[in-house]
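What you are looking at is a predicted structure, and each value in this text was computed from that prediction instead of being measured. Naming convention: chains lettered A, B, ... in sequence-line order (proteins, then strands); numbering from 1 in each chain. The figures that follow rest on heavy atoms only: side chains count, while hydrogens, waters and symmetry mates do not.
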Amino acid sequence: MNIFRISADLLHLASFFILIFKMKATKSCKGISFKTQLMYTLVFTCRYLDLFHVLGMMITFNFAHITGLTLYNTFMKILFLAASYYIVYLMRTELKSTSDDARDTFVLWHILAPCAVLALIFNAQFTILEILWTFSIYLEAVAVMPQLMLLIETGEADSLSSHYMFAVGGYRALYLVNWVYRYATEPYYSNWIAWIAGFVQTALFGDFFYYYFVKIMSGDAALKLPT
Amino acid sequence: AAAADDHDEL
């Protein structure tokens with residue numbers, strides 16, 4: 001665990017709180033892509049199936065392999081899962097009438113199918129858990145695409161939405177730094193799957209980062225994209 | 001080995 005990794009996780013956690021706070025405070029999820037949020041629930045569901053492994057060790061009192069890092073990861077995984085499901089739940093129940101569904105036109109199969117095929121071909125081990133983990137890594141990299149498309153469609157995002165986008169994009173960028181740091185300091189075989197996907201994910205946010213900083217510098221309330 | 005346990009990141 002290094003400073004970049006912990007900062008990344010906290011930024012990721014912050015992103016959920018920003019989004020939930022925004023939706024609760026404004027009683028609206030306008031400008032937020034339901035499809036992107038739905039993809040995040042799928043990402044975490046596929047990636048964190050090893051929670052059952054930890055649960056199995058706990059209920060059999062097999063604590064020998066449970067380290068501080070396991071407990072930290074387990075705690076965060078449960079939080080991420082709970083937060084992402086709660087967001088999807090909010091967007092489909094009390095905030096449904098404010099949802100931008102009509103403009104949220106991205107076709108999910110266009111990312112789901114390639115990610116599934118890639119996960120079946122490029123994986124570290126041909127097991128169900130490993131393939132689902134790999135699928136989740138690929139899907140997370142591109143899951144923001146419906147959100148970006150909605151942002152381009154509407155041409156602007158309110159302040160909290162753009163802070164949310166910054167937090168989600170920044171988290172993976174910090175993970176890139178974490179991987180470089182680990183590569184340099186640990187006898188750690190590099191995980192090319194995560195590296196490449198993480199790079200793609202951060203690159204997808206690159207354009208957004210640029211407009212975010214321009215907006216912050218100019219002190220505008222809303223982020224406006226050039227049309 | 002590349003078992004799921006080896007994924008020590010989130």
Quiz item: Applying a criterion of heavy atom separation less than 4.5 Å, what residues of residues 67-79 of chain A form contacts with chain B?
Solution: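 Interface residues of residues 67-79 of chain A: Leu69(A), Tyr72(A), Asn73(A), Met76(A), Lys77(A).
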Quiz prompt | Per-residue contacts, residues 84-92 of chain A versus chain B, heavy atoms under 4.5 Å | solution =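 No residue falls under the 4.5 Å cut-off.
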Practice problem: Could I get the full list of side chain to side chain contact (heavy atoms under 4.5 Å, CB included) partners for Asp207(A), not counting sequence neighbours? | Solution: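 Residues passing side chain to side chain contact (heavy atoms under 4.5 Å, CB included) with Asp207(A): Tyr211(A).
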Quiz item: Salt bridge check: are Arg5(A) and Asp8(B) linked by an N-O gap of less than 4.0 Å?
Solution: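 No, no charged N to carboxylate O under 4.0 Å.
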Quiz item: Salt bridge between Arg47(A) and Glu9(B), side-chain N to carboxylate O under 4.0 Å?
Solution: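 A salt bridge is absent here (no side-chain N lies under 4.0 Å from a carboxylate O).
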Is atom [atom1] of [X] surrounded by more than 12 heavy atoms (other residues, nucleotides or ligands) closer than 6.0 Å?
| X | atom1 | answer |
| --- | --- | --- |
| Ile121(A) | CD1 | yes |
| Phe61(A) | CZ | no |
| Leu55(A) | CG | yes |

Quiz item: Taking atom NE2 of His7(B) and atom CG of Leu129(A), what is their separation to the nearest 0.5 Å?
Solution: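 Between His7(B) NE2 and Leu129(A) CG, I get 8.5 Å after rounding to 0.5 Å.
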Self-check item: Which portion of Phe44(A) sits near chain B, non-hydrogen atoms under 4.5 angstrom
Solution: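 For Phe44(A), there is no contact with chain B at all, as no heavy atom is under 4.5 Å.
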Quiz item: Where on Asn123(A) is there a heavy atom nearer than 4.5 Å to chain B: the side chain, the backbone, both, or neither?
Solution: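 Contact with chain B: none, neither part.
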Practice problem: Can you see which heavy atom on Phe80(A) is nearest to which on Leu10(B), and at what distance? | Solution: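 Shortest heavy-atom contact: CE1-CD1, 3.9 Å.
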Quiz prompt | For Phe209(A), ring-ring contact (aromatic ring centres under 6.0 Å, His included) partners two or more places apart | solution =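 Phe209(A) satisfies ring-ring contact (aromatic ring centres under 6.0 Å, His included) with Phe166(A) once adjacent residues are dropped.
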Exercise. Find the one option among Leu49(A), Asp9(A), Leu132(A) whose heavy-atom pairs under 4.5 Å with chain B are most numerous.
Key: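 So the answer, after comparing Leu49(A), Asp9(A), Leu132(A), is Asp9(A).
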